[in-house]
Asks: 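Sharing a structure below in structure tokens format, with a few things to ask.
What you see is a predicted model; the values in this text were computed from it and never measured. In the text below, chain A, chain B and the rest are named by the order of the sequence lines, each starting its count at 1.
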Number of protein chains: 2
Amino acid sequence: MNDSTTGSDSIQVQLKKGALELCVLALLSRKESYAYEISSTLAEAVGMGESTIYPLMRRMQKEGLVQFRLAETSTGPSRKYYTLTHAGRRRFEKQRSEWTNFMTAVNGIVGDSQ
Amino acid sequence: MNDSTTGSDSIQVQLKKGALELCVLALLSRKESYAYEISSTLAEAVGMGESTIYPLMRRMQKEGLVQFRLAETSTGPSRKYYTLTHAGRRRFEKQRSEWTNFMTAVNGIVGDSQ
DNA sequence: CAAGGTACCTTGCATTACAAGGTAAGTTGG
DNA sequence: CCAACTTACCTTGTAATGCAAGGTACCTTG
């Protein structure tokens with residue numbers, strides 16, 4: 001609200017902040033998951049580093065986009081399983097459409113060049 | 001030199017650095033232009049601010065991607081008309097294909113989520 | 001000569017992705 | 001039991017960079 005989030009609608013912000021956040025939101029919209037798994041998936045897909053995910057998850061939690069529960073495993077330390085909140089789902093839809101717009105704009109400039 | 005640029009091939013870097021650079025390269029691949037015009041075009045298309053273009057053009061020039069010539073006008077101060085160098089053209093092709101890959105990867109993650 | 005548009009540029013701030021490094025839980029082999 | 005390995009969590013410091021704010025200078029018009 002009101003968050004003076006700097007005018008968060010600028011596409012520029014989406015470019016930097018959005019693409020990774022968008023991917024995390026997309027993954028969580030399908031099933032709950034934990035940071036390590038998300039980062040492994042996104043490491044392959046878009047080259048995300050592991051040390052990027054933890055600050056990102058905390059930021060998203062702080063913004064109320066995700067929540068988590070702890071779960072034990074038989075394969076190592078316990079996991080924090082994250083799920084989207086309502087706000088997270090809304091954010092996902094918003095980011096997705098902004099991504100589409102951005103992509104279209106860039107493709108319009110790039111693809112056009114004969 | 002030569003890029004010790006940190007491992008510049010990571011797609012992550014392209015995400016931030018690439019999209020704007022890519023757009024500038026694309027515009028210049030079609031016709032020579034000057035910073036103010038480029039930034040006006042990209043302001044509309046992707047929300048780029050004017051104060052972003054000047055450092056960017058200097059960086060690109062320093063990397064040997066663009067060169068410029070001065071031209072007088074009858075409508076204001078003289079313009080620096082930029083054109084792509086050979087390296088700039090090569091970079092454009094490279095960035096363009098990385099953009100395509102990135103876009104495909106993100107769409108694979110995002111679009112899939114039905 | 002003042003106002004307004006064009007076109008150039010710099011400084012400082014905030015954001016953030018990542019490398020490097022660290023903690024801890026469980027498994028496997030000697 | 002202890003060392004090595006994997007999974008899984010996390011923190012700190014560095015470098016990059018987009019932008020707001022502010023500034024300079026040229027040219028035209030009234």
Side-chain angles (χ1 to χ4, degrees), chain A residues 3-24 32-43 45-63 66 68-82 102, chain B residues 3-24 32-43 45-63 66 68-82 102:
Chain A
D3 35 42
S4 46
T5 332
T6 57
S8 47
D9 283 327
S10 113
I11 287 183
Q12 227 27 253
V13 174
Q14 304 312 323
L15 171 60
K16 295 186 299 186
K17 195 173 167 179
L20 286 185
E21 199 177 290
L22 172 64
C23 290
V24 172
E32 71 174 357
S33 185
Y34 51 99
Y36 192 78
E37 187 183 50
I38 294 171
S39 111
S40 303
T41 303
L42 295 183
V46 293
M48 179 201 237
E50 198 205 326
S51 48
T52 299
I53 193 68
Y54 295 101
L56 178 58
M57 292 317 293
R58 224 167 305 119
R59 199 186 313 144
M60 288 174 71
Q61 192 200 332
K62 209 166 138 198
E63 290 185 72
V66 297
F68 68 88
R69 66 180 179 86
L70 284 171
E72 316 257 312
T73 66
S74 53
T75 62
S78 32
R79 296 170 180 165
K80 277 187 181 172
Y81 274 99
Y82 288 93
F102 178 74
Chain B
D3 42 38
S4 43
T5 336
T6 58
S8 46
D9 283 327
S10 113
I11 288 184
Q12 225 29 253
V13 174
Q14 305 311 325
L15 170 61
K16 295 185 300 185
K17 198 172 163 177
L20 285 184
E21 199 177 291
L22 173 64
C23 290
V24 171
E32 71 175 357
S33 185
Y34 50 100
Y36 191 78
E37 186 183 50
I38 294 171
S39 109
S40 303
T41 303
L42 295 183
V46 292
M48 177 202 238
E50 199 204 327
S51 47
T52 298
I53 193 69
Y54 295 102
L56 179 56
M57 292 316 294
R58 224 168 306 117
R59 199 186 315 143
M60 289 175 71
Q61 192 200 333
K62 208 165 140 196
E63 290 185 71
V66 297
F68 69 87
R69 67 180 178 86
L70 287 170
E72 316 256 311
T73 65
S74 52
T75 61
S78 29
R79 295 169 180 164
K80 279 187 181 174
Y81 274 99
Y82 287 94
F102 177 74

Asks: Side chain of Y36(B) only, please: which of dT11(D), dG18(D), dT6(C) is the nearest?
Replies: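 The answer is dT6(C).
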Asks: For F68(B), enumerate each residue passing the ring-ring contact (aromatic ring centres under 6.0 Å, His included) test, keeping only those at least two apart in sequence or located in another chain.
Replies: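 Expected list: Y82(B).
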Asks: Can you name the one residue among S39(A), S33(A), S40(A) that meets side chain to side chain donor-acceptor pair (under 3.5 Å) with E37(A)?
Replies: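 Of all the options given, the one that passes is S33(A).
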Asks: Applying ring-ring contact (aromatic ring centres under 6.0 Å, His included), can you list everything that pairs with Y36(A), at least two apart in sequence or on another chain?
Replies: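 Y36(A) satisfies ring-ring contact (aromatic ring centres under 6.0 Å, His included) with no residue once adjacent residues are dropped.
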Asks: Mind calculating the distance between CD (E37(A)) and P (dT6(D)) to the nearest angstrom?
Replies: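 It is 19 Å, rounded to the nearest whole Å.
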Asks: If I compare all heavy atoms of A35(B) with all of I53(B), which pair ends up nearest, and what's the gap?
Replies: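 So the minimum-distance heavy-atom pair works out to O-CG1, 3.8 Å.
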Asks: Check the distance between dA24(C)'s P and Y34(A)'s OH and give it to me in whole angstrom.
Replies: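 These atoms are roughly 21 Å apart.
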Asks: Closest to the S51(A) side chain: dT11(D), dC9(D), dT10(C)?
Replies: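 Between dT11(D), dC9(D), dT10(C), the one nearest the side chain of S51(A) would be dT11(D).
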Asks: Nearest whole angstrom, please: distance from the P of dT16(C) to the CE of M57(A).
Replies: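 M57(A) atom CE is separated from dT16(C) atom P by 15 Å.
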Asks: Can you see if the side chain of R58(A) gets near the phosphate of dC9(D) - specifically, an N or O under 4.0 Å from OP1 or OP2?
Replies: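 So the side-chain polar atoms of R58(A) never come under 4.0 Å of the phosphate oxygens OP1 or OP2 of dC9(D).
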Asks: Take the protein atom CG of L20(B) and the nucleotide atom P of dC19(D), then report the distance between them rounded to whole Å.
Replies: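 Taking CG of L20(B) and P of dC19(D), I get 6 Å after rounding.
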Asks: Between E63(A) and R59(A), is there a side-chain heavy-atom distance shorter than 4.5 Å?
Replies: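 They are in contact (side-chain heavy atoms under 4.5 Å apart), so the answer is yes.
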Asks: Which nucleotide, in any strand shown, forms a Watson-Crick or G-U wobble pair with dG30(D), with both distances under 3.5 Å?
Replies: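 dC1(C) - that is the nucleotide pairing with dG30(D), both distances being under 3.5 Å.
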Asks: Mind calculating the distance between CD (E50(A)) and C1' (dC18(C)) to the nearest angstrom?
Replies: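 Roughly 11 Å, once rounded to whole Å.
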Asks: Restricting to non-hydrogen atoms, name the atom on S51(B) and the atom on P55(B) that form the minimum distance, rounded to 0.1 Å.
Replies: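 Answer, listing the atom of S51(B) first, then P55(B): O-CD, 3.3 Å.
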Asks: Looking only at the side chain of R79(A) (C-beta and beyond, no hydrogens), which of the listed nucleotides dT10(C), dC9(D), dT17(D) gets closest?
Replies: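 Closest of the options to the side chain of R79(A): dC9(D).
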Asks: Atom CG of L56(A) and atom C1' of dT16(C): how far apart are they, to the nearest Å?
Replies: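 My rounded result for the distance is 10 Å.
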Asks: Find the distance I53(A):CD1 to dA8(D):C1' and express it as a whole number of Å.
Replies: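 In whole Å, dA8(D) C1' and I53(A) CD1 are 13 Å from each other.
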Asks: Atom NZ of K62(B) and atom C1' of dA16(D): how far apart are they, to the nearest Å?
Replies: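 About 13 Å, once rounded to whole Å.
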Asks: Give each protein N/O atom lying under 3.5 Å from an N/O atom of nucleotides 26-30 of chain D, with the pair distance.
Replies:
from    : atom 1 : to     : atom 2 : distance (Å)
dC27(D) : O3'    : S74(B) : O      : 3.4

Asks: If every non-hydrogen atom of M57(B) is compared with every non-hydrogen atom of V66(B), which pair is closest and at what distance?
Replies: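 That would be O-CG2, 4.2 Å.
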